[in-house]
Participant: 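One structure coming up, written as structure tokens, with questions to follow.
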Amino acid sequence: MSTETFEFQVEARQLLQLMIHSIYSNKDVFLRELVSNASDALDKLRLAALRDEALDADVSDLHIELEIDKDARTLTVRDNGIGMSYDEVGQLIGTIANSGTAEFLRELKEAKDAAGAEGLIGQFGVGFYSGFMVADEVTLLTRRAGEKKGTRWSSRGEGTYTLQEVDEAPQGTSVTLHLKPADPTNQLHDYTADWKIKEIVKRYSDFITWPVKLVGEPPAEGDGPAEPETLNSMKALWARSRDEVSEDEYHELYKHISHDWRDPLETVQLQAEGTFEYQALLFVPSHAPHDLFTQNSARGLQLYVKRVFIMDDCEALLPPYLRFVKGVVDAQDLSLNVSREILQQDRHILMMQRRLTKKVLSSVKGMMADDGDRYGTFWREFGAVLKEGLVSDSDNRDALLAVASFATTRGEDESVTLEQYVERMGEGQEDIYFITGESRQSIDNSPHVEAFRERGIEVLLLTDPVDEVWVDVVGEFQGKRLQSIAKGEIDLGAKDDAESEGEREKRAEEYAGLLGWMGEQLAEDVKEVRLSSRLTVSPACIVADADAMTPALENMYRAMGQEVPRTKRILELNPDHQLVKGLNQAYGEREDRTDLTENAELLYALAVLAEGGRPTDPARFVKVVADRLGRSL
Ligand code: ADP
């Protein structure tokens, strides 16, 4: 039958080049990847046979076989699973579907050194292609269960691959690696050695639920045929007690289900007894995936029913804000035919979800009690997602608030929980103060924070988009109000005791004229101009009404395509600032105030700039400032 030659998709080609010139030091993992694919193929076939009784497939002896041919220097990984059709081979093996891959390749180009590149490969995992780390040619023979004809695929990894339809092929897939020439100086990487293959399977694939067999060397003359030896224990790790299983074994299972090559941050186990029995083994990754905030990214756990794999990405088992958690749930009493739709409504599933959620949250709490910085890593990677739960999951709000932490004006690298914040609140402080914005730097230096810093009052610095929402929904913690320092009137009291109530009133009188006049001048932009007690060094700042949206929230809604009415905000002036004092004096002395209008506008523009906004007419602003600077020289 004719052989057709195809080109790899660009990304696939780049990835292959990487594998061939393999910068990944632990090459052994190629076998883990191939065995993992084979195991998935067996899972899929068993499931397909369950769902479709008419499927013409043999499911009587599902297993994985490894075969070494020392003379030809080949290693074959064979399964009798679901297999692939001709078209599927082209689609699945010739292209890269993983949405993160383009991102991965871009980062790879930027990573100058080998260590950086190695880290990235581990981060994405590249499955089938990892075979090219050890082989200079890979062939694959496959037949999809239920179909008559098979397909042969072959490539040297150099830009093209060939496809050929074949009449005869066993059900399933066999991948043959034509190993690179032996390196006499490095026996450790001889993948034609039985012991090496046994070691790798034991290390990386022991938990695979299908037998992984090593087909023996051809028997010596006169002996019977050698029995294939099963290399893995096939024990479902989730059904075993924690002290029977090593940390490494758990980690390998994680890598199998997550396609992440790095160790997880935390392993969480739960074995529920009683009328609805199930076992769960969950993992918190050590890094957030690139698509954590994109819709339609793969999320959810693997669902098994009585050790039988039922589905990937089962979302019903955890709430959306725990979508980064990976793992397996094995339920005893679900139907093997259960569908996603049914799961969404099942009462037992809902109970499982509740319990798993609590378990994950309590393990996060556990990390906080650790000496190391696991919690720090966790929060950096997943804090922004977890905070979504503060909005959506009122049942677990307290548990979530207990594990949430925030950047603070107390210190560059410090973070603080609400409980700690409340504990160290000063005498007379009633509220928990926070400010939201786009970056720590912009809000840390914003005028709003000035007076708080001067008075030693701690302010939480919130920079995730979701912060805008949860602070409103949650409202208070331990009876203390969550108060934005960029909203409403903030009365921090007098800076020092010397300034009496009387003096303050007197000053209000002094400025009344200027404030009213500026209010008129700036009426298009602001609804009021008033004196501030929150400023010390800046001349002015802008604050919102107590119940108004913050600019960041407005931007968020606009970004989501929603219409948001323009809200006018309040301009606050610092009466201790030379600029404000001078303006007030000039205002008092002049009859004709037209040329003071520009000063009012400048003051407003400065306040806008200070909070990271842009003046209404930037070009005009620049011109006015430049003119004035010129005149001052
Ligand atoms: P991944 O396993 O991460 O999806 P791979 O490159 O390893 O990426 O494999 C791509 C796809 O090819 C798999 O998702 C699967 O659909 C298919 N595939 C790979 N190996 C096998 C196999 N042994 N049997 C059936 N399908 C396979």
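Order of listing sets the numbers, starting from 1, for every ligand and every atom in it.
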Participant: Within 45 degrees of the axis of the six-membered ring of Tyr86 and under 6.0 Å from its centre: does Arg152 put its NZ or CZ there?
Facilitator: no
Participant: Pull out every atom of ligand 1 sitting under 4.0 Å from any heavy atom of Lys44, numbered as shown with elements.
Facilitator: 16 (O)
Participant: What verdict does the ring-ring contact (aromatic ring centres under 6.0 Å, His included) test give for Trp153 and Phe128, after you've listed the backbone C-alpha separation in whole Å, the side-chain angles of each residue and the deciding distance to 0.1 Å?
Facilitator: CA-CA 13 Å; Trp153 176 98; Phe128 178 80; 5.4 Å; yes
Participant: Which ligand 1 atoms are under 4.0 Å away from a heavy-atom of Gly127?
Facilitator: 7 (O)
Participant: Between ligand 1 and Glu88, can you find any atom pair, the residue atom being a heavy atom, that is separated by under 4.0 Å?
Facilitator: no
Participant: Donor-acceptor check, side chain of Thr74 to backbone of Lys70, threshold 3.5 angstrom: yes or no?
Facilitator: no
Participant: Using non-hydrogen atoms of the residue, decide whether Glu33 is closer than 4.0 angstrom to ligand 1.
Facilitator: no
Participant: Please confirm whether Tyr129 comes within less than 3.5 Å of ligand 1 when only nitrogen or oxygen atoms on both sides are compared.
Facilitator: no
Participant: Less than 4.0 angstrom from a charged side-chain N to a carboxylate O is my criterion; do Arg299 and Asp313 meet it?
Facilitator: no
Participant: Between Asp263 and Lys255, does at least one N-O distance fall below 4.0 Å, as a salt bridge requires?
Facilitator: yes
Participant: Run down the list Val35, Thr142, Thr173, Leu92 and name the one with the heavy atom closest to atom 17 (C) of ligand 1.
Facilitator: Leu92
Participant: Ignoring angles and geometry beyond distance, decide whether Phe128 reaches within less than 3.5 Å of ligand 1 through its nitrogen or oxygen atoms.
Facilitator: yes
Participant: Does the pair Glu252/Arg203 count as a salt bridge with the N-to-O cut at 4.0 Å?
Facilitator: no
